[in-house]
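A note on names: the letters A, B, ... follow the listed sequences, proteins ahead of strands, and every chain is numbered from 1. Everything numeric here is computed off the predicted structure, so don't read it as measured data.
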Amino acid sequence: DAGVIQSPRHEVTEMGQEVTLRCKPISGHDYLFWYRQTMMRGLELLIYFNNNVPIDDSGMPEDRFSAKMPNASFSTLKIQPSEPRDSAVYFCASSRQGADTGELFFGEGSRLTVL
Amino acid sequence: TQLLEQSPQFLSIQEGENLTVYCNSSSVFSSLQWYRQEPGEGPVLLVTVVTGGEVKKLKRLTFQFGDARKDSSLHITAAQPGDTGLYLCAGDADKIIFGKGTRLHILP
């Protein structure tokens, strides 16, 4: 079975540009999570969905960040406009149950560099 | 705000040595997970502990959940270069949070 698939793997952009990160969760998983990882702050939960519905977006840094899940097999995380401090590795993860009892399956991440 | 503090942040030891890394919090967690992350990849689950005092073994790795379910430890016996990586603990009270991890490097 394919794991969680993220694209792009790497993105370099200039400050002010729009960035869209994409995620395809594992088929049959009903939870989807977006995390951001930096050396300083570690792995931070941004938002998670259950059955395509956003449940908790309290980790989204500010209004420049938005996430959608139009169907069970696709999610996007958009940053508009991007800033240098958004540079990080963004991970998508999916789970068949709530993450407190179920294993989180992570994608390989999207490394974002904002110049 | 629930925090998971992991220690040490960095650890570099010789192959064959034993080591223990820690995950501590002031909060109680219903369960705690340990993940390992290698460069350029996402974290991969090693184990989930649920019961206070629980001990789980995975080959040379021994995981323990504290009696009060606020802390956990990971002990590696006879470390090998393949154990190198970032070890993350993750706990849930009302949502999943991760510690910043222990970056382990095993020297051959």
Checklist line | Aromatic contact, A/Tyr35 with A/Phe106 (centres under 6.0 Å) | finding: yes
Check: With a 4.0 Å cut-off, would you call A/Glu83 and A/Arg64 a salt bridge?
Finding: yes
Note to self: Strictly below 4.0 Å, N to O, side chains only: are A/Arg85 and A/Glu62 in salt-bridge contact?
What the structure shows: yes
Contact class of [X] relative to chain B, heavy atoms under 4.5 angstrom:
{"X": "A/Gln37", "answer": "side chain"}
{"X": "A/Arg41", "answer": "backbone"}
{"X": "A/Leu43", "answer": "both"}

Notebook entry, point to check: Using the ring of each side chain (for Trp, its six-membered ring), is A/His29 parallel, tilted or perpendicular to A/Phe105, with breaks at 30° and 60°?
Noted result: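 It falls in the tilted class, 30° to 60°.
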Notebook entry, point to check: In terms of heavy-atom pairs under 4.5 Å with chain B, which of A/Gln6, A/Glu44, A/Glu108 leads?
Noted result: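 When all of A/Gln6, A/Glu44, A/Glu108 are compared, A/Glu108 has the most.
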